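Accompanying notes for the structure given below.
Chain A is the first sequence line, chain B the second, and so forth, proteins listed ahead of strands; every chain is numbered from 1. Remember, predicted model here, so these are calculated numbers, not experimental data.
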Amino acid sequence: MQNLLHNLNPEQLAAVTLPAQPALILAGAGSGKTRVLTTRIAWLVQTGQVSPTGILAVTFTNKAAKEMLSRLSAMLPINTRGMWIGTFHGLCNRLLRAHYRDAGLPQTFQILDSADQLSMIKRLLKALNVDDEKYPPRNLMYFINGAKDQGLRAKDVEAHDEYNRRFVELYDAYDNQCQREGVVDFAELLLRSYELLSRNQPLREHYQSRFRHILVDEFQDTNNLQYNWLKLMAGEHNAVFAVGDDDQSIYAFRGANVGNMVAFEREFRVQNLIKLEQNYRSHGHILDTANTLIANNSKRLGKNLRTDAGHGEPVRIYEASSDIQEAQWIIEEAKSLINEGALRSEVAILYRSNAQSRVIEHALFTAGIPYRVYGGQRFFERAEIKHAIAYLQLMDNPHNDSAFLRVVNFPTRGIGARSIEQLQDASRQYGISLYAAVPYVAGKAGSSLGSFVKLVEAMRFETQNLPLQEMVKVMLDMSGLIPHYQTEKEGADRIENLEQLVSAAMLFVSEEGFGIDSPAFLGPKAQATAGTPLPNGDEVIDADAPLPTVMSPLSAFLSHASLEAGDNQAQAGQDALQLMTVHSAKGLEFDAVFITGLEEGLFPHENSAKEEGGMEEERRLMYVAITRAKKRLYMSFSQTRMLHGQTRYNMKSRFFDELPEGALKWLSPKLQHHWFGNKKSAWDDAPESGVNTIAQSFVRKDVGWRIGETVAHQKFGEGVIVNIEGSGTNSRAHINFGRHGMKLLDLNIAKLERVGG
DNA sequence: ATATCCAGCGTTTTT
DNA sequence: CGCTGGATAT
């Protein structure tokens with residue numbers, strides 16, 4: 001135990017060893033948050049205060065859960081089985097699998113990912129003859145998910161007008177359809193288990209008496225439903241240990257509610273509030289920069305990071321003439337960092353929106369520097385994998401209409417739109433799944449559909465009692481997917497991925513313990529004598545009953561495929577520069593970080609101005625970006641940028657005005673906007689020549705002002721001339737005043753001053 | 001049933 | 001600019 005606690009600072013130690021009471025840990029960036037969480041669990045177990053089965057630890061991502069698990073097994077001699085450590089969704093899935101009957105779900109219920117959900121909604125709208133111009137599927141999806149995240153069923157949603165009433169109706173119809181098909185979306189996993197626990201008292205009390213300690217990671221990211229779920233699990237007596245950082249709350253747009261931190265403090269009457277402000281990641285100037293910036297936010301719980309590391313290097317700021325030139329500068333700097341011995345994987349290039357990566361990628365590609373872009377397509381999201389998964393889904397639950405439609409005619413087997421229409425009519429008429437409706441379709445369509453049903457049934461029959469990876473192999477053989485892709489020109493990669501699916505299944509079996517000697521493979525009879533009672537309504541059984549009794553390996557694998565879509569970074573393996581959005585950088589750290597495109601409209605993003613609290617969220621995002629850097633931080637912005645096919649002239653980000661001058665070093669002379677003045681500007685010697693010539697073509701000498709020029713206005717401050725129209729006494733200019741927005745000013749009336757010229 | 005064209009659109013994302 | 005999805009042509 002001494003080992004466990006040594007090397008903790010006083011605040012960390014205090015947090016780790018708090019009594020079994022509600023606690024809120026405000027953990028700043030790089031303050032050892034994960035360490036505190038895992039050490040707390042290890043300490044509780046090791047001091048005998050709680051058995052491993054009494055621990056419930058919740059995270060948002062699978063990555064975080066895995067990290068916690070692996071650190072724990074390094075700390076504790078005992079195995080971590082029996083602890084519930086996972087994502088909200090993963091844990092809810094576990095709960096629902098164990099108590100599927102009480103939850104009103106079929107044993108083989110399947111999980112829709114966002115793409116499945118959207119296609120299901122589209123299908124529903126079509127079936128109900130709803131105008132999808134008036135009710136866009138995407139909006140309906142947001143509506144449904146938003147309501148579920150608030151814990152609201154269709155009947156609970158208040159609609160104030162006809163339009164919204166229709167949304168509510170469609171929400172209800174959607175839920176009914178899901179129930180018919182035996183599928184649940186992500187939000188449903190949470191809502192369903194929330195409802196299960198709240199109406200089933202014995203079950204609730206069972207879990208409440210089990211989980212004495214509930215630990216929550218990234219608490220600032222919880223939505224209202226998750227918060228209420230936690231409240232239910234905690235009951236009156238369990239100790240909730242919430243760790244979070246309000247300054248790093250950047251997911252309001254998807255329902256996260258920072259207010260949960262304050263609510264938690266109040267509702268749980270938190271007596272133990274500990275701030276972790278000692279930062280072990282960044283050098284002083286970087287930290288000062290972060291602190292000074294975030295101090296501009298008014299809604300904060302209050303926290304100031306400190307470091308023992310010394311000032312370190314100043315934060316370098318660079319003004320580029322164009323996005324292309326910005327990219328070239330980044331690459332030059334990155335090159336010299338690497339020459340100085342930096343690892344490529346320790347250098348990150350961050351941007352606000354994905355579209356910005358293109359220019360940077362292009363430059364990196366040309367320069368032949370290995371790089372890796374995060375946020376690409378994930379393994380289980382690939383089309384060929386989705387098709388294979390759909391076959392597996394049909395084998396496990398043939399009433400999944402989405403899966404049915406995806407592969408009924410893939411590879412093509414002569415089942416066209418007309419056959420499907422007939423089938424959908426029948427399914428609607430009898431209120432049954434497409435699969436079940438097949439016998440009701442007559443004629444040629446009926447017979448080709450019939451042979452598809454026979455195929456699925458043959459797959460089920462052939463794979464009975466086979467290990468999971470063999471099931472996948474048989475499915476691949478019988479489906480005809482591989483021959484189909486063999487005839488495609490780009491099919492080789494797809495076939496390779498399909499083969500990887502077999503490996504994924506194998507890996508899953510070995511990791512999750514669905515091995516060959518697990519009861520699942522002993523067949524139904526052996527299972528019945530294995531002595532584990534099946535869950536039913538009369539008896540509370542714990543979700544720790546050996547999983548195969550509640551979930552077949554196939555069901556488990558399909559859950560895994562939906563809940564953990566796989567790696568989302570390309571070209572893993574080699575040492576490469578790291579490119580990603582600021583959002584995906586959260587939780588990571590790098591020796592050197594570039595924050596790029598720091599311009600009004602981009603970062604802070606223009607849309608954030610419209611939203612309540614939007615600007616503060618952008619500032620937190622900037623805070624997250626800054627605090628990713630350990631030793632060296634660069635920030636850059638550009639005077640012109642190609643966005644959506646047109647050139648934009650942006651002001652530099654307002655965030656520059658909120659940084660401590662003493663910690664900064666401007667690499668380019670300030671105020672270089674006089675492109676066409678007498679002085680030679682810094683980038684006249686730049687390797688590319690596009691910008692000046694393009695801009696020059698817009699010079700309007702007759703009105704005395706130039707496009708791209710920075711001007712100052714008494715009321716609006718500094719702005720950039722974006723366009724000039726008219727001439728002489730009738731000339732007006734569109735000027736981008738950044739935070740004051742775009743203005744159209746009469747050049748003969750407005751009193752403008754040149755800036756820097 | 002597949003290829004090709006064009007209109008429309010464009011913040012952030014995990015499960 | 002570059003992608004997606006719907007509509008049309010072969």
Side-chain angles (χ1 to χ4, degrees), chain A residues 58-65 86-93 111-119 122 132-133 136-138 142 145 148-149 184-191 193 217-218 221-223 225-226 249-256 323-324 350-359 361-362 374-378 380-381 409-419 484 487-489 559-566 568 580-587 597 601-611 614 617-618 620-622 624-625 641-648:
Chain A
V58 200
T59 65
F60 277 85
T61 64
N62 294 300
K63 200 176 153 196
T87 63
F88 277 104
H89 294 86
L91 297 174
C92 287
N93 180 43
I111 302 165
L112 298 178
D113 67 19
S114 319
D116 299 333
Q117 187 187 19
L118 186 61
S119 68
K122 282 179 180 165
D132 58 4
E133 301 264 295
R138 206 164 280 277
Y142 293 150
N145 292 342
K148 289 188 179 181
D149 286 346
V184 299
D185 58 51
F186 288 134
E188 182 74 21
L189 284 172
L190 280 150
L191 182 51
S193 60
D217 189 20
E218 306 278 19
D221 287 339
T222 52
N223 66 32
L225 180 54
Q226 288 158 341
S249 159
I250 56 173
Y251 285 113
F253 70 91
R254 66 177 199 213
D323 47 353
I324 297 168
L350 309 183
Y351 32 81
R352 174 68 238 269
S353 64
N354 287 304
Q356 289 166 252
S357 77
R358 184 174 301 281
V359 192
E361 281 187 71
H362 179 77
Y374 281 67
Q377 206 185 27
R378 293 140 111 230
F380 285 107
E381 287 166 2
N409 198 34
F410 192 95
T412 48
R413 37 178 84 89
I415 298 171
R418 232 160 30 88
S419 310
H484 170 86
T487 65
E488 248 187 25
K489 22 189 196 318
S559 292
H560 167 80
S562 301
L563 291 174
E564 200 167 343
N568 73 342
M580 66 192 84
T581 62
V582 180
H583 280 93
S584 19
K586 190 174 156 213
L602 252 193
F603 199 178
H605 197 275
E606 51 205 353
N607 293 358
S608 69
K610 300 185 198 93
E611 289 149 32
E617 175 133 331
E618 292 290 303
R620 290 192 293 268
L621 197 52
M622 181 66 182
V624 167
R641 182 175 298 277
M642 193 67 145
L643 198 66
H644 305 326
Q646 56 183 1
T647 308
R648 297 177 32 142

Give [X] one of three labels, base, sugar-phosphate or nothing, depending on what nucleic acid heavy atoms sit under 4.0 Å from its own.
X     : answer
A:N62 : sugar-phosphate
A:F88 : nothing
A:F60 : sugar-phosphate

Partner set under ring pair (Phe, Tyr, Trp, His ring centres under 6.0 Å) for A:H484, not counting sequence neighbours = A:F410
Minimal non-hydrogen separation, A:S249 against A:R620, with atom names = O-NE, 2.7 Å
Which residues satisfy the salt bridge (charged side-chain N to carboxylate O under 4.0 Å, His left out) test with A:E611, sequence neighbours excluded?
-> none
With sequence neighbours left out, what residues match A:R641 under salt bridge (charged side-chain N to carboxylate O under 4.0 Å, His left out)?
-> A:E326, A:E599
With sequence neighbours left out, write down each residue that passes side chain to side chain donor-acceptor pair (under 3.5 Å) with [X], or none if nothing qualifies.
X      : answer
A:D217 : A:K33
A:D116 : A:K386
A:Q226 : none
A:T87  : none

d([atom1], [X]; [atom2], [N]) in whole Å:
X      : N      : atom1 : atom2 : value
A:I250 : B:dT14 : CD1   : C1'   : 12 Å
A:E381 : B:dT15 : CD    : C1'   : 11 Å
A:Q226 : B:dT14 : CD    : P     : 15 Å
A:Q356 : C:dG2  : CD    : C1'   : 16 Å
A:H560 : B:dT15 : NE2   : P     : 12 Å
A:E361 : C:dG2  : CD    : P     : 12 Å
A:Q646 : C:dC1  : CD    : C1'   : 10 Å
A:N223 : B:dT13 : CG    : P     : 18 Å

If you measure from the [atom1] atom in [N] to the same atom in [M], how many Å do you get, rounded?
N      : M     : atom1 : answer
B:dT13 : C:dT4 : P     : 16 Å
B:dT11 : C:dG6 : C1'   : 25 Å
B:dT14 : C:dC3 : C1'   : 23 Å

With salt bridge (charged side-chain N to carboxylate O under 4.0 Å, His left out) as the test, would you mind laying out the steps for A:K586 and A:D221 before giving the verdict?
-> CA-CA 12 Å; A:K586 190 174 156 213; A:D221 287 339; 2.7 Å; yes
Given [options], identify the nucleotide with an atom nearest to the side chain of [X].
X      : options               : result
A:T581 : B:dT12, C:dG2, B:dA1  : B:dT12
A:F186 : B:dT2, B:dT15, B:dT12 : B:dT15
A:M642 : B:dT14, C:dC1, B:dA1  : C:dC1
A:S584 : B:dT15, B:dT13, B:dT2 : B:dT13

Toward the 5' end of DNA chain B, by each residue's nearest nucleotide, A:A417 or A:Y142 = A:A417
Polar atoms only, N or O, under 3.5 Å: list the protein pairs with nucleotides 6-8 of chain C and their distances.
none

Test side-chain hydrogen bond (donor to acceptor under 3.5 Å, both in side chains) applied to A:K610 and A:N607, step by step = CA-CA 6 Å; A:K610 300 185 198 93; A:N607 293 358; 3.2 Å; yes
Please enumerate all protein N or O atoms sitting under 3.5 Å from an N or O of nucleotides 6-11 of chain B, with distances to 0.1 Å.
{"unit_1": "B:dG10", "atom_1": "N3", "unit_2": "A:H644", "atom_2": "ND1", "d": "3.0"}
{"unit_1": "B:dT11", "atom_1": "O4'", "unit_2": "A:H605", "atom_2": "NE2", "d": "3.1"}
{"unit_1": "B:dT11", "atom_1": "O2", "unit_2": "A:R352", "atom_2": "NH1", "d": "2.9"}
{"unit_1": "B:dT11", "atom_1": "O2", "unit_2": "A:R352", "atom_2": "NH2", "d": "2.3"}
{"unit_1": "B:dT11", "atom_1": "O4", "unit_2": "A:E611", "atom_2": "OE2", "d": "2.8"}

